[in-house]
Novice: 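Can you read through this structure? Questions will come right after.
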Amino acid sequence: MAKYLLLKHYRGAPAAVNDVPMAQWTPEEITDHVRYMNDFAARLEKTGEFVDGQALAPEGEWVRYDGEGRPPVTDGPFAETKDLVAGWMIIDVDHHERAVELAGELSAAPGAGGRPIHEWLEVRPFLSAPPTVTE
């Protein structure tokens, strides 16, 4: 089995076919979208392919280490991050083709007007071993 990250973007990816921002959806459209996502995850739990998934809140900040005995340095929030990453799902599948198949299905989540969003999802494999250094 191989783990993949299915990354949902607000922006930064090519535009979805049904490219209406969620802030403009009706409460029913949002409920239908969330139900689709939950049903998708529940189905993958039954097949053993679901690992985890979360939607992300828009707020956040950058944090970095600032030296021994000093508090972490914070900065932000940064609009470019909250505007880009909407959420993620981790799947554990037998092969890359299955990851692509599931991402395609997830892309069909309903949006405005109940029509599929046809959004682009980033599919990234987990690093299975440290990178090798070539000289």
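Count residues from 1 along the sequence.
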Novice: When clusters are formed by joining ILVMFWY residues with side-chain heavy atoms under 4.5 Å apart, either directly or through shared neighbours, do Leu102 and Val123 land in the same one?
Specialist: yes

Novice: Working to the nearest 0.5 Å, report the span between CG of Asp94 and OG1 of Thr47.
Specialist: 9.5 Å

Novice: How far does CD of Gln24 sit from CG of Asp19, to the nearest 0.5 angstrom?
Specialist: 9.5 Å

Novice: Can you give me the closest heavy-atom contact between Pro71 and Asp66, atom names plus distance?
Specialist: O-CB, 3.7 Å

Novice: Closest heavy-atom contact between Glu105 and Tyr36?
Specialist: O-OH, 2.6 Å

Novice: Counting only heavy atoms not in Trp25 (residues, nucleotides, ligands), do more than 12 fall under 6.0 Å from its CH2?
Specialist: yes

Novice: Going by heavy atoms in the side chains, are Ile117 and Val17 under 4.5 Å from each other?
Specialist: no

Novice: If you take all heavy atoms of Tyr4 and His95, which pair is closest and at what distance?
Specialist: OH-C, 4.2 Å

Novice: Restricting to non-hydrogen atoms, name the atom on Leu127 and the atom on Pro131 that form the minimum distance, rounded to 0.1 Å.
Specialist: CD2-CD, 3.8 Å

Novice: With a 4.5 Å limit on heavy-atom distance, are the side chains of Lys3 and Asp92 in contact?
Specialist: yes

Novice: Would you check if Met89 and Ile91 make a side-chain contact, meaning some heavy-atom pair closer than 4.5 Å?
Specialist: yes

Novice: Determine, using the 4.5 Å side-chain heavy-atom cutoff (strictly less than), whether Phe40 and Val100 are members of one ILVMFWY cluster.
Specialist: no

Novice: With the 4.5 Å side-chain cut-off for hydrophobic clustering, are Leu7 and Phe126 part of the same group?
Specialist: yes

Novice: Look at the side chain of Ser107 and the backbone N and O of Glu119, then say whether any donor-acceptor pair between them is shorter than 3.5 Å.
Specialist: yes

Novice: Is the closest side-chain heavy-atom distance between Leu6 and Glu122 below 4.5 Å?
Specialist: no

Novice: Do Leu121 and Met37 share a hydrophobic cluster (ILVMFWY, side-chain heavy atoms under 4.5 Å, transitive)?
Specialist: yes

Novice: Can you sort out the partners of Thr26 under side-chain contact (heavy atoms from CB on, under 4.5 Å), two or more places apart, ordered by chain and number?
Specialist: Glu28, Glu29

Novice: Under 6.0 Å from the CZ atom of Arg43, do we count more than 12 heavy atoms belonging to anything else shown?
Specialist: yes

Novice: Check whether Trp88 reaches the backbone of Leu5 with its side chain - one donor and one acceptor, N or O, closer than 3.5 Å.
Specialist: no

Novice: Strictly distance-based, threshold 3.5 Å: is any side-chain N or O of His33 a donor or acceptor partner for the main-chain N or O of Gly111?
Specialist: no

Novice: Using only atom types and a distance under 3.5 Å, with no angle test, would you say the side chain of Asn18 pairs donor to acceptor with the backbone of Ala112?
Specialist: yes

Novice: Answer yes or no: is there a side-chain heavy-atom contact under 4.5 Å between Phe50 and Ile90?
Specialist: no

Novice: In the single-linkage hydrophobic clustering (I, L, V, M, F, W, Y; side-chain heavy atoms under 4.5 Å), do Val20 and Trp120 co-cluster?
Specialist: no

Novice: What residues, two or more places apart in sequence or in another chain, satisfy side-chain hydrogen bond (donor to acceptor under 3.5 Å, both in side chains) together with Glu101?
Specialist: Arg98

Novice: Might you point out which heavy atoms bring Gly114 and Pro110 nearest each other, and give the distance in Å?
Specialist: O-CB, 3.8 Å

Novice: Which atom pair, heavy atoms only, marks the closest approach of Pro116 to Ala108?
Specialist: CB-O, 3.5 Å

